[in-house]
Amino acid sequence: MANEENGGYDPSAVEEKWQRYWNERGTNTFTRNELENAEAPYYNLMMFPYPSAEGLHVGNIYAFTGADVHGRYHRLQGKDVFEPMGFDAFGIHSENFALKIGTHPMDLIPSNVENFTRQLRRIGGMFDWDHSVDTTDPAYYKWTQWIFLQLFDNGLAERKEAPVNWCPSCMTVLANEQVIAGACERCGTPVEQRRIAQWFFKITDYAERLLGNLEDIDWSDTTLKAQHNWIGRSTGAQLRFPVVDADGNETGTSIEVYTTRPDTVFGASYMVLSPEHPLVDEVTDDGVRAPVYAYIDTAAKKDLVARQKTDKTKTGVPTGGYCRNPATGERIPIWIADYVLMDYGTGAIMAVPGHDERDFEFASAFDLPIVRVVAGPDDDADTPLEEAYVGPGRLVNSGPFDDTHVSESVEKVTAWAEEHGWGEAKVNFRLHDWCISRQRYWGPPIPVIHCDACGPVGVAEDQLPVVLPRVEDFKPDDTGVSPLARVESWYQTTCPKCGADARRETDVSDTFLDSSWYFLRYPSTDFDDRPFDPEITKKWLPVDAYIGGNEHAVLHLLYSRFIIMVLKDLGHLDFEEPYDVFRAHGLIIREGSKMSKSRGNVIVPDPIIEEFGADTFRTYLMFLGPFEEGGDYRPQGIQGPYGFLHRLFDTVVGAVDAAADPDVERKVHQTIRQVTEQIPALSYNTAIAAMMECLNVIRAGGRTAARAEVEALVPLVAPFAPHMAEELWERLGHEGSIFDGAHWPAFDPAKLVESTVEIAVQVNGKLRATISVAKDASEENVVSLARGEENVARYLEDGTERRVIHVPGRLVNFVVG
RNA sequence: GCGAAAGUGGCGGAAUUGGUAGACGCGCGGGAUUUAGGAUCCCGUGGCUUCGUGCCGUGGGGGUUCGAGUCCCCCCUUUCGCACCA
């Protein structure tokens, strides 16, 4: 390695030295008193990891380093930066892995946490290890359970039987969010539908607010959009179609449909129920029960993958039942088809094949009537439909509404339906209630006791936590019942209300509940009698900056917003959005392709850190590309930042007491300005490039640096290479940590400007020469100097000069015709 | 299918309100130093070229402009979201 023998840069020695220093002095930790009295609190949050057995991967390190750079920058600006770290250690991941290797998660997790902690210390993050959380610690999940009870006691948690997504491989229920294109997010197994009693949080009650607040928070655009789409607000109407018998008499039942186009109701020529719709049985004619049940059966067996595949060939069967179109009074057939999803709206639709592509396709396949009720500019009421027409126009074949323009028809037809009692305007959301129960072992038990007489009763707060017992046989089975249901000694209890024999809830809660509030806990881990201290919370929250992956754009981020909103409504908090600023970082790929275990191209960080040091690794990761876009990791590329840090170290250490060269000094000030602007913009790659450029200027031609030229570079590089910066700071004669105090350098605007500038000289927009002029040279001077250039004069002779454009400090362009 | 973003050297990536395209780094080439080096340091590096700061160059084709990687229109490709949402 480099010239260690002459006191050169030895990363491992420097890093070990300063990590020890930080630990001993508590450089990065807050005491309770410091938390309570911080003058310039800045809460710098990053997404806590799931502590896998493999250890930290490059993606984690990339994310944490990017956030740490942000935190260290603010600290050097004089802020009191609180940067905690913890472990999201419950959940199916850990449990499945534990099952696979035959170790109990209660044994596995602590060693993983220990390994992660070691690695996290090694990368030099500014973590406050005195305020860490581990979601599997009863001292933590006691309060997760408390949060459940807050919702339960206020009618926001309810248990209901519901069709749920069941992963036959993980043997558990999945939230809709965990189903990707019909397959389990974790294991890729096609998901089945089951009906199981589940606990739900009524997040849909908050849909409007969760959507509306998106206007006011400073988040990455992509994340905002993802949430917006996920909530999926649409406006339309709910309409009721009365079911009629063979004689055309109403049976008293009606089918509710949700539509965004109630104005096309005159064109509804049939109805479609989802195969799971509760009224299917009632409307089905005895003569066709066999084919209807056969269809339902196939649909149920068809997993969501097949059902949602891009192959959208429509299938369905008539039920033999009919209902009346309340607008036209006509009798229309009721079909069932799997293109109607039970999940959305009411699970039933009025089919308007003339003006809906899906309905058109279905009607064409089954020869159902297609009626035009909207005429485009070139159509009349009888223009045949070759395909569904979804454009603008006016209503036709729509009784009293003929000629109404579609811009106002929705409103008018809805009002008419309401007047006659068969419909009303309705806002619909794609968002579903949050299913929080899991039929698994590795999670916090849901703190409820089931009593035959009293129903579900919440566990009293002073009885928390409901401790997860150590169960050796924690393997899930296909019954859909949690492993805890096999532990009679644990679930048998008495009802807190009436004292009768009762049974504990044996489901555990979703890990997204654990992570929905962890950032509230960090600053309050000094208190074990409350989840979060009101005064400290007031001082530190909402979070100032949250930097994390966009894979949590809808799941974690939406749930935590919801929980915070609820806690605010219940009077526990005085803010309702947890994160003022959220920035999504990009992903690291390797040599053009995704990193994955199956490709065998994952980067193992430990040996890289050992060879090059954490500072180099951090700097390289941040140099790869724009932080918010990710980067392409090429093993060779680390040589660049490695050499840079070595040169920087040698240059600073070898600097002599001499006056700064004015040209170099100007470059230094320009660099201070660039880095100061680019770090908060997360443009880390260009900030590093600017420092490299500056160092190249300082060292150009092998010159020796003056101390005044290099001093500012030490704090500038500190967010990226904190250990080396500490070492250089000390060698420059300073006391204490560079991070204790506002040591970020200021630039002098007067020293930024060049005395002479290079001006491009163009003729008809083509570069013909460059000239050097004084920065405040008059236009006259510049132009005449430009004209005097031989290579310019040559072109000017060829024609008449029509115009001269002068952009001060930039260029002169002669327009010759 | 819908939506969003992006296409720049051999590669990762830079380029204020339109104003010298290719910063910085990898790789490559040359040189220095060294017993040696895959170490270190300096210099060079878009293509073509009749070597003339000459021509061509930011996915393709048009347009606006004195001037376009940047703005407008059409097309192609890639990536990422959402995917029968009624």
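Just so we're on the same page: letters track the sequence lines, and every chain starts at 1. Small disclaimer: the values here were computed from a predicted structure and weren't measured.
The salt bridge (charged side-chain N to carboxylate O under 4.0 Å, His left out) test applied to A:Glu551 returns no partner, not counting sequence neighbours. Partners of A:Tyr389 according to the ring-ring contact (aromatic ring centres under 6.0 Å, His included) rule, which considers only residues two or more places apart in sequence or in another chain, do not exist here. Listed by chain and residue number, A:Leu211, A:Leu214 satisfy the side chain to side chain contact (heavy atoms under 4.5 Å, CB included) test with A:His228 (two or more places apart in sequence, or in another chain). Under the ring-ring contact (aromatic ring centres under 6.0 Å, His included) criterion, A:Phe582 pairs with A:Trp219, A:Tyr546, sequence neighbours left out. Scanning for side-chain hydrogen bond (donor to acceptor under 3.5 Å, both in side chains) contacts around A:Tyr344 gives A:Ser234, A:Asn428, with sequence neighbours left out. Scored by the side-chain hydrogen bond (donor to acceptor under 3.5 Å, both in side chains) test, A:Asn791 finds A:Arg794 as partners (sequence neighbours excluded). A:Gln678 is linked by a side-chain hydrogen bond (donor to acceptor under 3.5 Å, both in side chains) to A:Thr686, counting only residues two or more places apart in sequence or in another chain.
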Secondary structure of RNA chain B per the Watson-Crick/G-U criterion (both distances under 3.5 Å; [ ] crossing, | other strand, . unpaired) is (((((((..(((......[....)))((((((.......))))))(((.....)))..(((((..]....))))))))))))....
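One donor-acceptor pair, N or O on each side, does fall under 3.5 Å between the base of B:U16 and the side chain of A:Arg810.
If A:Ser234 and A:Leu624 are placed on RNA chain B by their nearest nucleotide, the residue sitting closer to the 5' end is A:Leu624. Closest-nucleotide positions on RNA chain B for A:Ala769 and A:Lys766 were compared, and the one nearer the 5' end corresponds to A:Ala769.
Applying the salt bridge (Lys or Arg N to Asp or Glu O under 4.0 Å) definition to pairs two or more places apart or across chains, those involving residues 666-687 of chain A are A:Asp663-A:Arg666, A:Arg666-A:Glu754, A:Lys667-A:Glu693. Identified under the salt bridge (Lys or Arg N to Asp or Glu O under 4.0 Å) test for residues 230-241 of chain A, with sequence neighbours left out: A:Glu208-A:Arg233, A:Arg240-A:Glu256, A:Arg240-A:Glu424.
Listed pair A:Tyr795 / B:G54 meets the phosphate criterion, a side-chain N or O lying under 4.0 Å from OP1 or OP2. Regarding contacts with the backbone of B:A86, every side-chain N or O of A:Tyr258 stays at 4.0 angstrom or more from both OP1 and OP2. Side-chain nitrogen and oxygen atoms of A:Arg430 include none within less than 4.0 Å of the OP1 or OP2 phosphate oxygen of B:C84. Taking 4.0 angstrom as the limit, A:Asn229 places none of its side-chain polar atoms (N or O) nearer than this to OP1 or OP2 of B:G3. At B:C80, one or more side-chain N or O atoms of A:Lys594 fall inside 4.0 Å of OP1 or OP2 (strictly under the cut-off).
Listed for the A:His432 side chain is a donor-acceptor partner under 3.5 Å among the backbone atoms of A:Arg430. For A:Glu591 (side chain) and A:Arg634 (main-chain N/O), no donor-acceptor pair under 3.5 Å exists by modelled atom type.
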Please write out each protein N/O paired with an N/O of nucleotides 24-34 of chain B under 3.5 Å, distance rounded to 0.1 Å.
residue : atom : partner  : partner atom : Å
B:G25   : OP1  : A:Asn696 : ND2          : 3.2
B:G27   : OP1  : A:Gln636 : OE1          : 3.2

Pairs under 3.5 Å (N/O, protein and nucleotides 62-68 of chain B):
residue : atom : partner  : partner atom : Å
B:C66   : OP1  : A:Arg803 : NH1          : 3.3
B:C66   : O2'  : A:Asn813 : ND2          : 3.4
B:C66   : O2   : A:Asn813 : ND2          : 2.6

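With a glycosidic angle more than 90° from 0, B:G18 adopts the anti conformation.
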